[in-house]
Engineer: 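Input: one structure, supplied below.
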Amino acid sequence: MKQIQTAFYVKEDVLNIARSLIGMKLMTNIGGRLTGGIIAETEAYAGVHDKASHAYGGRKTVRTEVMYREGGIAYVYFSYGMHHLFNVVTAGAGIPHAVLIRGIIPQVGVDWQLKRRKQEMIRPQLVNGPAKLCQALGITLQQNTISLLGDSVWIEQGEKINIADIITCRRVGVDYAGKDALLPYRFVLKHDSYRTAKIN
DNA sequence: ACACCGATTATCT
DNA sequence: GATAATCGGTGTA
């Protein structure tokens, strides 16, 4: 079994999971195309107490219901009328934790990733954002709620990362969360040549 | 380098 | 009817 197993996803320390995901490989096999890359940037969303989380205050809607399920599944949502964002649901059932994947280093099926992104060359802007990597890997609302233990979208062991090579900083685009926008819930791989995003 | 802004629609209130 | 865990293009320097 190459897929990371349920025991990893159901832990309650979402920050630790978000940091541990750095260096692992996010893989998709969608439309007969095998694509993937090393996870280089993540953000933790810590459920009901985190003002930046879609589940803040126990908010439960058609969209966010998936966050309350047992960890190890995908939470994909559609934003700004044109972008898909991919999260890993974590913790046990009833605890709506999630980790947003914000950047990868393309590794598998790079030609398909370029094609999906309508680009010719491998450049930082290929996959250095949450909506960009979804487009490159073919992730859409179709993948919402699917198990990460299946053979369509999954995470597998990747490179061993030294903890000193991970930058911890503030999350992006969550100003509406007030004080919680300042929390150090974002993890970024140092020396990622595909990253151009600013570190706060 | 950085600031500004328009695109476009599922989902929520 | 309003909002949005973004992106890419344009403009100024």
Engineer: In whole angstrom, what separates Met82(A)'s CE from dG9(C)'s C1'?
Structural biologist: 13 Å

Engineer: Looking only at side-chain atoms of Ala131(A), point me to the closest of dC7(C), dA7(B), dA5(C).
Structural biologist: dC7(C)

Engineer: Tyr56(A) OH to dT3(C) C1': how many Å, rounded?
Structural biologist: 18 Å

Engineer: What distance do Leu100(A) atom CG and His54(A) atom NE2 have between them, rounded to the nearest 0.5 Å?
Structural biologist: 9.0 Å

Engineer: Counting only Watson-Crick pairs (N1-N3 plus N6-O4 or O6-N4) and G-U wobbles (N1-O2, O6-N3), all under 3.5 Å, who is the partner of dA5(C)?
Structural biologist: none

Engineer: With no angle test and no hydrogens, is the base of dA5(C) tied to the side chain of His54(A) by a donor-acceptor pair under 3.5 Å?
Structural biologist: yes

Engineer: Within the stacking criterion (centroid distance below 5.5 Å, interplanar angle below 30°), does Tyr80(A) stack on dA7(B)?
Structural biologist: no

Engineer: Using the side chain to side chain contact (heavy atoms under 4.5 Å, CB included) definition, which of the options Thr90(A), Thr42(A), Ile4(A) pairs with Leu21(A)?
Structural biologist: Thr42(A)

Engineer: Provide, to the nearest angstrom, the distance between the CZ atom belonging to Phe78(A) and the P atom belonging to dA5(C).
Structural biologist: 13 Å

Engineer: Side chains of Gln135(A) and Arg117(A) only: does a donor on one sit below 3.5 Å from an acceptor on the other?
Structural biologist: yes

Engineer: Between Lys2(A) and Glu156(A), is the closest basic N to carboxylate O distance under 4.0 Å?
Structural biologist: no

Engineer: Please report the distance, rounded to the nearest Å, between CZ in Arg59(A) and P in dT3(C).
Structural biologist: 13 Å

Engineer: Using whole Å, what does the distance between atom P of nucleotide dA4(C) and atom CG of Asp175(A) come to?
Structural biologist: 11 Å

Engineer: Is there a donor-acceptor pair under 3.5 Å between the side chain of Arg186(A) and the backbone N or O of Arg171(A)?
Structural biologist: no

Engineer: Grab the CZ-C1' distance between Arg123(A) and dG8(C) for me, whole Å please.
Structural biologist: 11 Å

Engineer: Go through dA5(C), dT6(C), dC7(C) for me and flag the one nearest to the Tyr75(A) side chain.
Structural biologist: dA5(C)

Engineer: Counting heavy atoms from C-beta on, name the nucleotide in dT6(C), dT9(B), dA5(C) closest to the side chain of His83(A).
Structural biologist: dT6(C)

Engineer: Look at Arg117(A) and dC7(C) and indicate whether a side-chain polar atom (N or O) is within less than 4.0 Å of OP1 or OP2.
Structural biologist: no

Engineer: Using whole Å, report how far CG of Asn87(A) lies from P of dA4(C).
Structural biologist: 17 Å

Engineer: With a non-hydrogen cut-off below 4.0 angstrom, is Leu85(A) in contact with a base, only sugar-phosphate, or nothing?
Structural biologist: sugar-phosphate

Engineer: Students often get this wrong, so: under 4.0 angstrom with heavy atoms, is Ala52(A) touching a base, only sugar-phosphate, or nothing?
Structural biologist: base

Engineer: Report the base-pairing partner of dT12(C) (Watson-Crick or G-U wobble, both distances below 3.5 angstrom), or none.
Structural biologist: dA1(B)

Engineer: Expressed as a whole number of angstroms, how long is the span from Tyr176(A):OH to dA4(C):C1'?
Structural biologist: 8 Å

Engineer: Report yes if a side-chain nitrogen or oxygen of Arg63(A) is closer than 4.0 Å to either non-bridging phosphate oxygen (OP1 or OP2) of dT9(B); otherwise report no.
Structural biologist: no

